Amino acid sequence: CDKIIVHDIKSKLVCILILISASGNAVTLSILVSLQIFSSKSHNKHMISFSSMTFLFIPLRFRLPTDLVPDCYNITLWPRLSPEPSSGLYIFTGQSTLIFKCVRETDLILIHSNKLKYTKLNNTHIARLIASGGGSAPTIKSSWLQSETQYLVIQLNSKLTQGQKYELYTEFTGELADDLAGFYRSEYEEDGVRRIVATSQMHPTHARKTFPCFDEPAMKAVFDITLIHPPGTVALSNGMEKGQCCIIDGVAVTQTRFEPTKKMSTYLLAIIVSEYSNISATQGDTLIRIWARRTAIDQGQGNYALNVTGPVLDFFQMYYNISYPLSKSDQIALPDFFFGAMENWGLVTYRETNLLYDPMTSSNRNKETTATIIAHELAHMWFGNLVTLRWWNEVWLNEGFASYVSYLGADHAEPSWNMKDLIVLDDIHRVFAVDALASSHPLSSKEDSIILPDQITEQFDAISYSKVHRHHQLTLLKCIMFFFCFQSYLNHFAYNNTVGNDLWHHLQMAVKANNVSLPRSVCEIMNHWVLQMGFPVVTVNTATGKVSQKHFLLDPESEVAVESPYNYKWVIPVRWRKSGEVQRDIWWLMEKEVINLEMKSGDLWVLANINVTGYYRVNYDLGNWDSLLAQLHSGHQVIPVINRAQLVDDAFNLARAQLVPTTLALRTTSYLSAETEYMPWQSALDNLNYYYLMLDCTEVYQPMQDYIKKLVTPLFLHFKSMTSNWTNVPYGHTDQYNQVNAIRMACSTGVTECQNLTNTWFEQWMDSPQRNLIHPNLRSAVYCSAMAAGDKAEWDFGWEQFKNAAVASEASKLMSALACTTKTQLLERYLSYTLNSTLIRKQDATSVITAVASNRVGQTLAWDFVRKEWEYMFTQYGVGSFSFASMISGVTARFSTLDDLQQLEQFVEEHKAAGFGSATLAVKQALEKTKANIKWLERNKNEVLDWFNNKNDH
């Protein structure tokens, strides 16, 4: 008791008794208050009142407790495709009955809910609880929304009974916003009419924005969905639909009920209402449908996707030896969609550019994109949907293996493309660039380190998608063993969740069954790669036979703050050969340094990591580098094409890490004047792009341009001859890619014949806008070249064509090309368009900003724009609409001066209070890269200038 003296006629005595009780999920604070008042004159005591107040404090925990597990959801949703007259907002209303089981007694229900408004029911609470199958349920004491943790909290007057099932009923309203998250609104124009699509993106944590749910991947359940929608529209969900007309509240509607889903995670649910049409086919017992805008379907833009889907589904059913478990496979192209695609089970959603293909306007790159993304999403039907990661700290378990097998599926559908070789360029080199930073992260993190929605979103990066490709081959087992491993793994864990070690266990079973000899267990080998960030560089000294490994960092002076359980040592399979010899057996490097006398080469060269089957870089003594470069000049075909690309990529990155001279890296490009294959050329151009970023605003720019012009002119003439003066299309898939490289680089480096060619083609199109004779493969390069050479007239024409483009892939080419102009005023105008979703869709805004930033004239403009508009974009656009991470990476890619660093640090300081959300890691990486760029420029600028000048003099 505490006595308080009040300096007036009365004094007070307040007695407070605090009783604290705790359960696993909350703390209850009961405060008993006794208030006594004394008269200062008579000192007579009067008891005024005695009361108690009870408060419930929910700890700020973002993970659900495991007291309750969902069984099934019965959900009815009614999206309004016209705005509400009173508010002008598009909304949806919903009803949900969740059947769940109590596995541990509790008097608290925590269920995810975000941005939903609930209707108070008869019991005056926002939820109603009954026991399934009869019996009694605890009454609700109080209920409220906890916005920070995105929970609907329901406190009960007594505890739920262990083993009993209960039903939780709610009614709610949400906004059908255009934020590309949860249940959202997409718009398009067709036949002069603006049309609305109600569609969804639940992944990874947006189902809670659509209905109250246990929104974690391990909380699998069955979903029984009903959609109410206007007559004449079609409703789609994961299951097959059955529609019937009815009248609700005097309004004629269609009520479509869907077959219950399989047991699955909330993030895989999909719900769509649209005026789309479809084309269909059957593959075995499976109905395949491609959905899109009516005009797109009528023009045949869905035909290629339909033709590819059946063979890819068949391939995966054979590969996994498990039938596709659903009755239908719907795939739908959406005008507004944040991700490239989403593997919703039975209803896969895509950006239009990734699903639709028009032979008259789409390039072979568009065709490959469609095939590989379809294969990736269909691979998820088993790897990710049937068997799902337990938590988001192991995203690679879903995405990495789906990426790996997607190349197998695409290769089956298009065997002439050699898709498995393109993994090196498309994925391995891409992930190397990120994983070589000190700010990288391991494939697997501790489960409690990935909690917040923004942290979850950050996990979906190049590392999670692409790094596992080569890990899959680290054990270098025969395909048949993976085949048996996947069958065993998927059958054992069907409709359940797993962690990485579960896969290694089944892979070990396959190793044992196939009598494969490994130096250590699968788990021990793989954990060296999964639990450590980064990758090694293997250094081979062919003079002594010494072979060593160390953690490869682009900036060797950067500090690695992430501890490694293996002290950054890997178990490395090395495939290698000497000149004039066949490939040697696999040799395992398991220590930081060993002697392998077989690798002493004498007069021969040694080449390691044959066909890049291992996830590491290779360095050699300078003598061996000289021998390999001499081989490239005397007969480059002796070295496999993948390794020619690898030698270039390794040399440039080793030079950035100060492990070999920068001039050695540049020497790997000298032979390219005799090279016509795509992979080495693309590898060189990817690496030279860094030199452009660092040097294109310095005196090195023109000598560099002159050197590359000398290299690319023979390639340009090669394709001129191959195509009979540009009238034919190269036969080979990668030849078509390299033809684009030849035109793009010849025009950008000032080859007059190329510039005249592209300008003529574009002028002909401007003269006859309805008759575009530029081949689809070449349009991206031609459009960009014409914009760069042109003025306002060319830009305005390109903008009009972009606005009126009937094919998404054509619109995408034009959208990128508009950023190629060298006119500052036009670039500023283009940037301003990104804040108006009627001009540039929200899904495309970051692409436009980064495209402008990639233009050396536009980089400063883009950075100034981002700084000025950051707060608006960050608060108004939301995580579903803007890829803030890619935008930060794009606008800072050229940063290489102390002034750049100072501006970036000031930007970080100004906005650190609000945070950077899903761009947090990208900001950290931008700071790291900028500091490394400053040091690189100081060390190399003069040497590079001298090298280019020397080469141009000869």
Side-chain angles (χ1 to χ4, degrees), residues 648 651-652 655-656 661-675 681-717 740-759 781-782 784-791 794 817 819-824 826-827 851-863 893-900 933-954:
V648 173
F652 271 91
R656 285 179 63 182
T662 297
T663 53
L664 187 148
L666 291 169
R667 286 168 58 200
T668 64
T669 66
S670 297
Y671 95 98
L672 288 173
S673 57
E675 177 69 87
W681 261 105
Q682 189 60 49
S683 179
L685 294 177
D686 287 343
N687 283 285
L688 286 168
N689 184 59
Y690 178 75
Y691 282 60
Y692 275 108
L693 292 174
M694 295 300 100
L695 300 165
D696 64 7
C697 293
T698 73
E699 66 273 25
V700 184
Y701 176 66
Q702 194 54 51
M704 179 167 60
Q705 284 280 83
D706 294 341
Y707 171 72
I708 297 173
K709 179 180 178 181
K710 286 173 60 177
L711 287 184
V712 79
T713 298
L715 187 69
F716 177 79
L717 296 175
V740 177
N741 280 337
I743 291 177
R744 177 171 64 90
M745 293 309 298
C747 285
S748 66
T749 55
V751 176
T752 304
E753 184 180 350
C754 180
Q755 293 175 335
N756 291 338
L757 182 72
T758 57
N759 289 341
V782 172
C784 184
S785 177
M787 290 293 170
D791 208 324
E794 286 76 12
C820 295
T821 180
T822 58
K823 303 299 183 282
T824 301
L826 294 174
L827 291 172
V852 172
S854 68
N855 181 338
R856 70 190 191 110
V857 178
Q859 192 278 322
T860 301
L861 301 176
W863 170 235
R894 271 189 171 82
F895 281 12
S896 56
T897 67
L898 290 173
D899 185 51
D900 292 334
N933 291 344
I934 291 169
K935 288 183 280 190
W936 185 91
L937 201 59
E938 290 174 347
R939 278 195 315 268
N940 294 290
K941 177 183 169 184
N942 291 333
E943 184 180 13
V944 170
L945 176 60
D946 290 342
W947 192 87
F948 282 133
N949 282 332
N950 180 58
K951 284 294 179 180
N952 292 333
D953 290 340
H954 291 83

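Computed from a predicted structure; not experimentally measured.
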Separation between [atom1] of [X] and [atom2] of [Y], rounded to the nearest 0.5 Å:
X	Y	atom1	atom2	answer
C820	E794	SG	CD	13.0 Å
K710	N952	NZ	CG	5.5 Å
L757	I743	CG	CD1	6.5 Å
N855	K823	CG	NZ	10.5 Å
L688	M704	CG	CE	7.5 Å
L672	T668	CG	OG1	7.5 Å

Set of salt bridge (charged side-chain N to carboxylate O under 4.0 Å, His left out) partners for R656, sequence neighbours left out
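With neighbours one apart ignored, the set is empty.
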
Salt bridge (charged side-chain N to carboxylate O under 4.0 Å, His left out) with E938: which residues, sequence neighbours excluded?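 Listed in chain order: nothing, the list is empty.
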
Could you check if a side-chain atom of [X] sits within less than 4.5 angstrom of a side-chain atom of [Y], using non-hydrogen atoms only?
X	Y	value
I708	Y692	yes
R667	W947	yes
T749	Y707	no
D706	F948	no
S670	K951	yes
D900	W863	no
Y691	W936	yes
L711	M745	no

Quiz item: What pairs with N949 under side-chain contact (heavy atoms from CB on, under 4.5 Å), at least two apart in sequence or on another chain?
Solution: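 side-chain contact (heavy atoms from CB on, under 4.5 Å) list for N949, sorted by chain: P703, L945.
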
What are the two closest heavy atoms between [X] and [Y], and how far apart are they?
X	Y	result
A684	V648	CA-CG1, 3.7 Å
A651	L664	CB-CD2, 4.1 Å
V852	A862	CG1-CB, 4.3 Å
N933	A893	ND2-O, 3.9 Å
C747	S785	CB-OG, 3.5 Å
A788	T822	O-OG1, 3.7 Å

Q | Presence of salt bridge, R894 and D696, under 4.0 angstrom | A |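 Yes, D696 and R894 are salt-bridged.
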
ask   = Would you say T669's side chain and A665's backbone share a donor-acceptor pair under 3.5 angstrom?
value =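 Between the backbone of A665 and the side chain of T669 there is no qualifying donor-acceptor contact (under 3.5 Å).
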
*Is the backbone N or O of R744 less than 3.5 Å from a side-chain atom of S748, with the two atoms forming a donor-acceptor pair by type?*
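Flag set: sc S748 to bb R744 pair under 3.5 Å.
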
Inset, instruction - Mark yes when over 12 heavy atoms from residues, nucleotides or ligands other than K935 sit less than 6.0 Å from its NZ; otherwise mark no. - result: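 Yes, enclosed.
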
**OP:** Sort out for me which residue in I934, N689, V700, L937 forms a side-chain contact (heavy atoms from CB on, under 4.5 Å) with M694.
**Re:**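 For M694, the side-chain contact (heavy atoms from CB on, under 4.5 Å) test succeeds with only one of I934, N689, V700, L937, which is L937.
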
With a 3.5 Å cut-off and no angle check, do the side chains of D686 and S683 form a donor-acceptor pair?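 S683 and D686 do not have a side-chain donor-acceptor pair below 3.5 Å.
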
- Given F895 and Q859, is the side-chain contact (heavy atoms from CB on, under 4.5 Å) satisfied, shown in steps? CA-CA 9 Å; F895 281 12; Q859 192 278 322; 3.1 Å; yes

